[in-house]
2 protein chains.
Amino acid sequence: MSVQAPLRVLLADDERMVRTALRAILGAEPDMEVVGEAATGAEAVPLIRELRPDIVLMDVRMPEIDGIRATEQVLAGMSGPPRIIVVTTFENDAYVYEALRAGASGFLLKRSGAEELVQAVRLVARCDSLLFPAAVRALAASHAGRRAADDAARTLRARLSEREQAVLRLMTSGLANAEIAARLGVGPATVKTHVAAVLAKLGVRDRTQAVIAAYECGFVRPG
Amino acid sequence: MSVQAPLRVLLADDERMVRTALRAILGAEPDMEVVGEAATGAEAVPLIRELRPDIVLMDVRMPEIDGIRATEQVLAGMSGPPRIIVVTTFENDAYVYEALRAGASGFLLKRSGAEELVQAVRLVARCDSLLFPAAVRALAASHAGRRAADDAARTLRARLSEREQAVLRLMTSGLANAEIAARLGVGPATVKTHVAAVLAKLGVRDRTQAVIAAYECGFVRPG
DNA sequence: ATCTCCCTCCGCCGCACGGGGGAGGCCGCC
DNA sequence: GGCGGCCTCCCCCGTGCGGCGGAGGGAGAT
């Protein structure tokens, strides 16, 4: 149950060393697999269409077609497109904004540590929210944010069975397992099973993290 | 620790029977106390200023001054004003909207059951968010919503000590007590103490409910 | 007909969590 | 000086939670 299919990641960066480094970091994670590399935006777009990775780490500055445009093209021309994390060196607000407008699911700085990178990939894969550098949070209120959140909620709904969604919803109401069982008219053991499934599918440790994920994904909305 | 000072509630409704009913319902709760009643808006405003209740249940339709205006006047003329829940018979969107504009913290229908009523009072007392009837949710994205949420976050910040806020913030990151302890550079026992304080002050049962409250209050914002 | 997924439920187990109660040091307020 | 709030930390204890493994039945796909 914990050994789901690994996350298939594609790297798009013009610097070979960066790609090597990313591959090393992500390859060390048992649940991730780098399925392809591209050195330019023009290379990346068809490769992504062919390989259909779960996640793309997309550099902003690339020859021929930059990362923002490549993101646009990928998202425009695919059904069930991958989640794209835009990677850049500088905290340039314009880039962040454009990346969001283009439909990127995440934004990451190259100076980020390995741990942060891995976390970001997992989080985006889990619910494709866009909440990494603080800079993004401020902008998230705009259109791009809403669209991405709705999108996230949809994919989350798709991944969870109906019963699991119901359980998650009740979890986000602060109910304990026994209370959820009473509400749904099933046994406590059944609820435990569903909760375990939700935790596994969301890739989280406990119910608190599940509730957080539900909020961050827009699966539930705060008042 | 669970026996904090009871919530001091004031009732403003022109129908005596309604007041009696509300008093009966709220009086049955060990943590609530009805400290006063008013039959008109004109009566209510000075009474609220004098008694300084935590919560006001304010009817919309009242003689002399209606509930909306009374709400405005109370909030305009007091420091540390009470949280006002506007009560009405009909799901009239205009009323909801006006109530929010006036600064009400909650909106409740008279047809609500006793359970929903006490829940609403507790929730508003806890974090004065505004999320009861589904009708409110739709409007909450507007200015009034933002303002109230900011307000809520402020009062929440005021109630929690600095350390407690830090702990709550880390809780909303999905961290366990031991991890929080590591981040803050203190012992696990200390974190447990802070967590217990947060739970008590928020009036919730466990860390999951605390995280939910934090989101609902706008203490943390989703991506 | 077989396979897979979902829903239902069972046991066992370890542990983090939360409740209760206590304690010492620090600071600011009255 | 005393009192209260905050931060720090300790004990014990019960239990809800989550991990692990198993099981049966029903629906739909191929």
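Scope of the values below: all heavy atoms of this structure, side chains included, with no hydrogens, waters or symmetry mates. Here is the naming used below: chain letters follow the sequence lines, and residue numbers restart at 1 for every chain.
With sequence neighbours left out, B:E37 forms a salt bridge (charged side-chain N to carboxylate O under 4.0 Å, His left out) with B:R19, B:R23.
Atom-to-atom, NE2 of A:H194 to C1' of C:dC5 comes out at 13 Å; the value is rounded to the nearest Å. The distance between atom CG of A:L160 and atom C1' of C:dC5, rounded to the nearest whole Å, is 14 Å. If you take CD of A:E162 and P of C:dC5, they are 17 Å apart, rounded to a whole angstrom. Distance CG (A:L184) to P (C:dT8): 8 Å, rounded to an integer number of Å. In this entry the distance linking CZ of B:R163 with C1' of D:dG5 reads 16 Å, nearest Å. Regarding B:L168, its CG atom lies at a distance of 12 Å from the P atom of C:dG18, rounded to whole Å. Atom C1' of nucleotide C:dG18 and atom CD of B:E164 are separated by 16 Å, given to the nearest angstrom.
Between B:I48 and B:P53, some side-chain heavy-atom pair lies under the 4.5 Å cut-off. With contacts defined as side-chain heavy-atom distances shorter than 4.5 Å, the pair A:L26/A:L57 qualifies. When side chains are defined from C-beta on, A:V186 counts as touching A:R163, because their heavy atoms get closer than 4.5 Å. Annotation: side chain of B:M171 is not in contact with side chain of A:T208 (no heavy-atom distance under 4.5 Å).
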Checklist entry - Can you give one letter per nucleotide of nucleotides 10-19 of chain D, going 5' to 3': B for a protein heavy atom under 4.0 Å from the base, S for sugar-phosphate only, - for none? => result B------SBB
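Considering B:T190, B:L175, B:T193, B:L184 in turn, B:L184 is the only one that fulfils the side chain to side chain contact (heavy atoms under 4.5 Å, CB included) rule with B:V167.
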